[in-house]
Amino acid sequence: MFTFYIARRYLFARKRHHTTGIIAAISVAGVALATAAMVVTLSVFNGFRDLVASLFTAFDPQLRVSLVEGTAIAADDSSLVALGRHPMVAAVTPVLQDQALVVVHDQQWAVTIKGVGDNFLEQNGLESILYGDGHAVLHADVLDYGIMGIRLAASMGLGTSYEGGLPVYAPRRGERVNMANPMSSFRRDELYSPGVVFAVGQQNYDATTIVTSLRFAQHLFDREGQVSAVEVRLHDGVGTRSGRRELQRMLGSRFRVSDRYEQQEDTFRIMQVEKFIAYLFLSFILLVASFNIIGSLSMLMIEKRDDCSTLRSMGATRQQVERIFHIEGWLISGLGAAIGLVLGAGLCLLQQHTGLVALGHSEGAFIVDAYPVSLHGTDLAAVFATVVVVGIVAVSLPVRHMVRSLDYDNSQPHTQPS
């Protein structure tokens, strides 16, 4: 304990030379600023991740069940039937989704046809994002309706409704394209306008997708009695994580049960990789900032050279003297980390409540007006652990070398330890 007491006294006591105190203060400030930068940067990445998650829409089901291998499964598969009867499940919507070709005014458009069961409109709340004077319907008697994204309709030069049938083409399964008559290699069907379009607010839906009936998609893609996935809504009060785990256990390894984050896996993986790279760069900056601690300890050892000789004369071992300066370096790192964590957390909370740093000069130009931040306890713990580890690595070997380079055995004590 006496090594900690002496190290603490050396850190906070008034220094004989002002330069030593100034260098120590600079070391603490350097570690604190690097720590605060890590907290703020990681929190901004968290904020953008949470922002993307908040944009989940009616097109992102609570859970999605699909095959691990293969593209289609029988709609009456026993596993899917059992899924619909599970006590955790409130609703099950069969889906068949694939790529198709739409021809409008002699121009071709690649689209995503999403055929859904009749309960899709009620279970997914699509009515809240519909625009137009018509009604949200998928089929009536022999007619099938297509509700398209608002950007797709605009790019085709259509409004919220269109006259006549919309020609939709899909390649025939298992057939090679007939170069003499390419259109003979495609199945053709028509969709009619229900007088409404949807606006999700995401490019990958609004500019590419047409929602229609399941029977239309099965006929167009020659998948009678088959689906590509099943969208699941759990009962209120059932957690998504626990529900996903239970349904995955029930369905087995043949199926993949994905929550909303896993359905957008590529987006979130990229964000996670970017966050990790930023963390590595900031850790390197923190390591550079920690080198200031070595300069501070060097000045302190020179100033306390006689004190160290006195301690050696009183029976302190060289390892104990080394430990004093090790602890001194760790205290500087710890103090800088504590100040940096408080500073970084304070800046994040200030941004959350006031929107101090804006994304642009024009209000409403972006989804949010200010940089989103989200403070996570796990990030604070990771940053603190990083600062501690970097401090130990940056201090241990240099201190050992500097202490051993001092000739304690030949030094004569002149002063008492201060």
Undergrad: Locate the shortest heavy-atom distance separating Leu234 from Gly239; write the atom from each residue and the value.
TA: CD1-O, 3.8 Å

Undergrad: Please check if the side chain of Thr35 supplies one atom and the backbone of Ile339 the other of a donor-acceptor pair under 3.5 Å.
TA: no

Undergrad: Does Phe384, at its CZ atom, have more than 12 non-hydrogen atoms belonging to other residues, nucleotides or ligands within less than 6.0 Å?
TA: no

Undergrad: Which atoms form the tightest heavy-atom contact between Ser66 and Ala229, and what is the distance?
TA: CB-CB, 4.3 Å

Undergrad: Go through the structure and list residues passing side-chain contact (heavy atoms from CB on, under 4.5 Å) with Leu356, not counting sequence neighbours.
TA: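 Testing Leu356 for side-chain contact (heavy atoms from CB on, under 4.5 Å), a comparison that skips the adjacent residues, returns Leu350, Gln351, Thr354.
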
Undergrad: So do the side chains of Val230 and Thr93 get within less than 4.5 Å of each other, counting heavy atoms only?
TA: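 The answer is no, as the side chains (C-beta and beyond) never meet within the 4.5 Å cut-off.
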
Undergrad: Heavy-atom distance under 4.5 Å between the side chains of Leu138 and Thr212, does that happen here?
TA: no

Undergrad: Taking the basic N atoms (NZ, or NE/NH1/NH2) and the acidic carboxylate oxygens, is any pair closer than 4.0 Å for Arg215 and Asp118?
TA: no

Undergrad: Do you see a donor-acceptor pair shorter than 3.5 Å between the side chains of Arg151 and Gln203?
TA: yes

Undergrad: How far does CD1 of Ile113 sit from OG1 of Thr209, to the nearest 0.5 angstrom?
TA: 9.0 Å

Undergrad: Closest heavy-atom contact between Gly159 and Ala153?
TA: O-CB, 3.9 Å

Undergrad: Does any N or O in the side chain of Gln352 come within less than 3.5 Å of the main-chain N or O of Val373, such that one atom is a donor and the other an acceptor?
TA: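 Looks like yes, one N/O pair under 3.5 Å.
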
Undergrad: Using the side-chain contact (heavy atoms from CB on, under 4.5 Å) criterion, which residues pair with Ser333? Sequence neighbours excluded.
TA: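 With neighbours one apart ignored, the set is Ile293.
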
Undergrad: Can you see whether Asp60 engages Tyr205 through a side-chain donor-acceptor pair at a distance of less than 3.5 angstrom?
TA: yes

Undergrad: Please tell me if the side chains of Val102 and Gln107 come closer than 4.5 Å, counting only heavy atoms from C-beta onward.
TA: no

Undergrad: Can you tell me how far CH2 of Trp109 sits from CG of Leu166, rounded to the nearest 0.5 angstrom?
TA: 12.0 Å

Undergrad: Sub-3.5 Å donor-acceptor pair from the side chain of Arg187 to the main-chain atoms of His219, do we have one?
TA: yes

Undergrad: Less than 4.0 angstrom from a charged side-chain N to a carboxylate O is my criterion; do Arg241 and Asp259 meet it?
TA: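 Result for this pair is no, no salt bridge flagged.
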
Undergrad: side-chain contact (heavy atoms from CB on, under 4.5 Å) between Leu83 and Met250: does it pass, once the steps are laid out?
TA: CA-CA 8 Å; Leu83 177 68; Met250 183 194 78; 4.0 Å; yes

Undergrad: Are Val103 and Val168 side-chain neighbours, meaning at least one heavy-atom pair lies under 4.5 Å?
TA: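 No, every pair of side-chain atoms sits at 4.5 Å or beyond.
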
Undergrad: side-chain contact (heavy atoms from CB on, under 4.5 Å) between Thr71 and Arg223: does it pass, once the steps are laid out?
TA: CA-CA 10 Å; Thr71 58; Arg223 295 282 187 181; 3.4 Å; yes

Undergrad: Just by distance, do the side chain of His86 and the backbone of Met88 share a donor-acceptor pair under 3.5 Å?
TA: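 Checking the backbone N and O of Met88 against the side chain of His86, a donor-acceptor pair under 3.5 Å is found.
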
Undergrad: Sub-3.5 Å donor-acceptor pair from the side chain of Gln97 to the main-chain atoms of Ser228, do we have one?
TA: no

Undergrad: Between Arg244 and Glu262, is there a salt bridge with N-O shorter than 4.0 Å?
TA: yes

Undergrad: Check the pair Leu247 / Leu63 against side-chain contact (heavy atoms from CB on, under 4.5 Å), numbers first and verdict last.
TA: CA-CA 10 Å; Leu247 295 184; Leu63 293 176; 3.8 Å; yes

Undergrad: Find out whether Tyr162 and Met156 are in side-chain contact, i.e. whether some heavy atom of one side chain is under 4.5 Å from a heavy atom of the other.
TA: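 No, too far: nothing below the 4.5 Å cut-off.
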
Undergrad: Looking at every non-hydrogen atom in both residues, tell me the closest pair between Val40 and Cys348 and how far apart they are.
TA: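 Shortest heavy-atom separation between Val40 and Cys348 comes out as CA-SG, 3.9 Å.
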
Undergrad: Rounded to the nearest 0.5 Å, how far does NZ of Lys114 lie from OG1 of Thr208?
TA: 11.0 Å

Undergrad: Distance only, no hydrogens: is a donor on one side chain within 3.5 Å (strictly under) of an acceptor on the other, for Asp144 and Ser213?
TA: yes

Undergrad: As an exercise, state the distance from CD of Gln226 to CG of Leu214, rounded to the nearest 0.5 Å.
TA: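 So the gap between those two atoms works out to 11.0 Å.
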
Undergrad: Please report the closest heavy-atom contact between Ile147 and Pro194, naming both atoms and the distance.
TA: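 Closest pair (atom of Ile147, atom of Pro194, distance): CG1-CG, 3.7 Å.
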
Undergrad: Can you check side-chain contact (heavy atoms from CB on, under 4.5 Å) on Phe255 and Leu80, steps first, answer last?
TA: CA-CA 10 Å; Phe255 293 90; Leu80 299 185; 4.2 Å; yes

Undergrad: Are any of the side-chain heavy atoms of Ser374 and Ser43 separated by less than 4.5 Å?
TA: no

Undergrad: Please say whether more than 12 non-hydrogen atoms of neighbouring residues, nucleotides or ligands are located less than 6.0 Å from NE2 in His235.
TA: yes

Undergrad: Closer than 4.0 angstrom, basic N to acidic O: yes or no for Glu274 and Arg49?
TA: no

Undergrad: Tell me whether the count of non-hydrogen atoms from other residues, nucleotides or ligands lying under 6.0 Å of CD in Glu224 goes above 12.
TA: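 Counting neighbours around CD of Glu224, more than 12 heavy atoms of other residues, nucleotides or ligands fall under 6.0 Å, so yes.
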
Undergrad: Considering residues at least two apart in sequence or located in another chain, which fulfil the side-chain contact (heavy atoms from CB on, under 4.5 Å) criterion with Tyr131?
TA: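 For Tyr131 the side-chain contact (heavy atoms from CB on, under 4.5 Å) partners, ignoring immediate neighbours, are Val197, Ala199.
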
Undergrad: At their closest point, which heavy atom of Val92 faces which heavy atom of Gly84, and how far apart are they?
TA: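 Minimum heavy-atom contact is CG2-CA, 3.8 Å.
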
Undergrad: Determine whether Phe216 and His139 make a side-chain contact, defined as any pair of heavy atoms from C-beta on separated by less than 4.5 Å.
TA: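 Not in contact.
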
Undergrad: For the CD atom of Gln62 and the CZ atom of Arg233, what is their distance to the nearest 0.5 Å?
TA: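 Answer rounded to 0.5 Å: 8.0 Å.
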
Undergrad: Just checking, is any N or O donor in the side chain of Thr112 or Gln99 under 3.5 Å from an acceptor N or O on the other one?
TA: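 Thr112 vs Gln99: donor-acceptor pair found between side chains.
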
Undergrad: Check whether Gln248 reaches the backbone of Val257 with its side chain - one donor and one acceptor, N or O, closer than 3.5 Å.
TA: yes

Undergrad: Do the non-hydrogen side-chain atoms of Ser161 and Asp133 ever get within less than 4.5 Å of each other?
TA: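 Not in contact.
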
Undergrad: Does Phe45, at its CZ atom, have more than 12 non-hydrogen atoms belonging to other residues, nucleotides or ligands within less than 6.0 Å?
TA: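 More than 12 within 6.0 Å, yes.
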
Undergrad: Answer yes if the ring centres of Tyr192 and Tyr145 are under 6.0 angstrom apart, and no otherwise.
TA: no

Undergrad: Return the CZ to CG distance between Phe281 and Leu286, rounded to the nearest 0.5 Å.
TA: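 CG of Leu286 is found 15.0 Å from CZ of Phe281.
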
Undergrad: Out of Leu130, Ile150, Leu152, Ile210, which one pairs with Phe198 under the side-chain contact (heavy atoms from CB on, under 4.5 Å) rule?
TA: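 Among Leu130, Ile150, Leu152, Ile210, the one meeting side-chain contact (heavy atoms from CB on, under 4.5 Å) with Phe198 is Leu130.
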
